[in-house]
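These notes are about the structure you will find just below.
Because the structure is a prediction, the values reported are computed rather than measured. All heavy atoms count here, side chains included; hydrogens, waters and symmetry mates do not. Counting starts at 1 for both ligands and their atoms, following the listed order.
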Amino acid sequence: MSLSQGDSAMQDNQRGDSTQSVHGGEQRQKFANSVTEPIAQTATYVFDSLSEFEEYKQGKRAHFEYGRYGNPTVSAAESKLAALDHAESALLFSSGMSAITTVMLAMLRSGQHIIIMEDCYRRTVQFCDLLGKFGIESTRVPPSDLAALEQAVRPETRLLLAESPTNPHLHVADLEKIVPFAKEHRLRVLIDSTFATPINQCPLDYGVDLVVHSCTKYLGGHNDLMAGSVCGKAGIVSAIKEFRDVVGTNSDPNTAWLLIRGIKTLALRMQQQNTSAQTIAEYLEGHDKVQRVFYPGLASHPDHAIAKAQMKGFGGVVSFEIDGDRERTRQFVEALQIPYLAPSLGGAETLVSHPATVSYSDLSEEDRLAIGITDQLVRYSVGIEDCADLIADFDQALAGV
Ligand SMILES: *Cc1c(COP(=O)(O)O)cnc(C)c1O
């Protein structure tokens with residue numbers, strides 16, 4: 001038996017988002033009467049006697065054993081993540097990708113098949129292709145296309161993997177439709193909810209089996225750490241933990257501490273980012289130098305109705321196409337003065353990216369255009385700066401287009 005607080009984290013789901021961000025999953029009584037969670041910077045743990053170790057192994061005594069199997073600060077972060085996502089249990093990993101890859105390797109074996117929604121994170125798609133090496137095949141289907149899903153299912157299909165909202169077109173997976181479909185076909189559903197955060201949606205409430213986050217983004221929230229998480233029912237999460245204990249994709253106490261600290265302001269940050277992104281999306285949609293805006297909070301977005309039904313807020317990422325060619329678009333991106341030109345999203349600092357140059361430069365033009373990554377596409381991750389300043393910055397940069 002390991003000492004994990006994550007299993008008892010469901011206590012106070014009825015409290016508000018900010019109360020949950022601050023207190024969710026936390027023990028009131030902490031080491032040395034500390035208000036905040038201490039950092040247990042240790043690689044291993046002491047047993048008083050061999051019989052104590054035996055009792056621990058027999059599940060009669062709670063104890064930490066070795067750093068790869070667990071750590072009190074990491075457990076505290078896991079407990080908080082479970083509380084926020086309305087989960088029985090959660091696990092922390094060294095990055096979003098180590099969460100995704102560990103979960104999939106733990107759940108699947110050779111001869112099985114998975115379905116992945118198009119428009120998922122590039123490296124996730126790449127990993128699904130890599131799984132072919134181990135005899136696990138995958139099929140890609142357009143987001144929320146039930147007919148395509150129906151066609152893709154095989155007797156050996158085990159897992160349906162979707163992201164919601166997606167990057168960079170902000171497609172929203174229709175969980176009300178996908179989950180019953182998956183149940184009918186006995187598939188497990190894994191949702192990457194990084195772009196939504198537990199503040200904007202809790203996919204587990206819809207009957208999804210597992211939720212993953214890249215905590216590097218909104219949960220950490222300060223562009224200063226890398227971590228990933230998975231949460232769901234205790235049974236399946238504990239099977240994934242056994243696998244994590246072997247492969248060593250665990251996080252470390254310093255990162256876990258930074259994550260707990262970052263999450264304290266999650267609800268506050270998301271409120272600001274949701275509101276600013278909506279304002280910016282509307283501003284851009286009305287601007288004559290902008291051709292098209294992708295934001296689920298706009299009535300013009302194809303998934304607006306689903307997003308409205310399923311989400312409490314529409315997130316902090318806005319993608320849009322400049323009315324101009326590749327060169328004009330690049331000039332516009334470089335003319336912005338407040339955002340940093342950097343990959344990633346979800347932090348306090350606004351970040352901007354030109355996907356055709358940055359994340360998709362390895363694709364041929366034809367493949368890139370086939371998935372909607374046009375030369376004019378810009379991805380903008382709204383930070384927590386004053387929205388009026390961000391808009392004034394758009395004014396000056398768009399004037400130059
Ligand atoms: C960033 C990201 C990942 C990968 O997470 P890392 O922490 O960078 O490993 C996975 N999914 C989505 C949606 C992401 O945005």
Side-chain angles (χ1 to χ4, degrees), residues 74 77 81 85 90-105 114 116-131 140 143 159-173 189-201 203 208 210-231 244 247-252 255-256 258-259 262-263 266 270 273 277 294 296 303 311 314-319 342-347 349-353 355 358-360 371 373 379-383:
V74 171
L81 289 163
D85 255 327
L91 291 173
L92 192 63
F93 294 84
S94 56
S95 68
M97 281 319 294
S98 69
I100 291 165
T101 57
T102 307
V103 168
M104 289 176 71
L105 289 172
I114 58 180
I116 172 170
M117 303 250 172
E118 280 168 6
D119 219 21
C120 273
Y121 187 66
R122 280 291 318 280
R123 302 300 171 197
T124 304
V125 175
Q126 222 177 332
F127 180 68
C128 288
D129 291 343
L130 266 174
L131 283 173
R140 275 180 234 166
L159 181 70
L160 176 60
L161 171 61
E163 220 167 277
S164 191
T166 65
N167 176 29
H169 295 106
L170 291 316
H171 282 296
V172 180
V189 183
L190 170 63
I191 299 284
D192 182 334
S193 195
T194 299
F195 273 53
T197 82
I199 303 303
N200 286 341
Q201 81 185 4
V208 160
L210 290 167
V211 169
V212 296
H213 292 283
S214 167
C215 305
T216 311
K217 316 294 168 50
Y218 291 101
L219 287 157
H222 293 75
N223 289 320
D224 59 3
L225 66 84
M226 296 209 66
S229 66
V230 61
C231 63
R244 185 190 69 176
V247 296
T249 43
N250 54 296
S251 185
D252 66 279
T255 302
L258 274 174
L259 177 60
I263 290 174
L266 176 66
M270 286 317 295
Q273 282 162 302
F294 302 88
D303 299 333
M311 302 177 74
F314 304 112
V317 174
V318 182
S319 298
S344 201
L345 57 113
E349 298 85 1
T350 295
L351 302 181
V352 66
S353 175
V358 180
S359 326
Y360 296 84
I371 55 171
I373 311 295
R379 190 188 75 184
Y380 192 87
S381 163
V382 181

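The backbone N or O of Phe93 sits nowhere less than 3.5 Å from a side-chain atom of Thr249 that would complete a donor-acceptor pair. Side-chain atoms of Thr350 come within 3.5 Å of backbone N or O of Gly383 as a donor-acceptor pair. For Tyr218 (side chain) and Gly315 (main-chain N/O), no donor-acceptor pair under 3.5 Å exists by modelled atom type. Judged by distance alone, with hydrogens and angles left aside, the side-chain atoms of Glu163 form a donor-acceptor pair with the main-chain N or O of Tyr121 at under 3.5 Å.
Among protein heavy atoms, atom 15 (O) of ligand 1 sits closest to Lys217 NZ, 2.7 Å. Nearest to atom 4 (C) of ligand 1 among the protein's heavy atoms is Tyr121 CE2, 3.5 Å. Nearest to atom 9 (O) of ligand 1 among the protein's heavy atoms is Met97 N, 2.9 Å. The nearest heavy-atom contact from the protein to atom 6 (P) of ligand 1 is Gly96 N, 3.3 Å. The nearest heavy-atom contact from the protein to atom 7 (O) of ligand 1 is Thr216 OG1, 2.6 Å. Counting protein heavy atoms only, atom 8 (O) of ligand 1 is closest to Met226 CE, 3.5 Å.
Atom 5 (O) of ligand 1 has its nearest heavy-atom neighbour, among Cys215, Ser214, Ala99, Gly228, in Ser214. When the heavy atoms of Thr194, Asp192, Thr166 are ranked by distance to atom 11 (N) of ligand 1, first place goes to Asp192.
Checked for salt-bridge contact, Arg140 and Asp129 meet the test: a charged N lies under 4.0 Å from a carboxylate O.
Under the side chain to side chain contact (heavy atoms under 4.5 Å, CB included) test applied with Ile114, the options Leu131, Leu190, Leu160 reduce to a single match, Leu131.
Note on ligand 1: Asn167 sits outside its first shell, no heavy atom being nearer than 4.0 Å.
In summary, the side chains of Thr255 and Asp252 do present a donor paired with an acceptor at a separation below 3.5 Å, with no hydrogens or angles considered.
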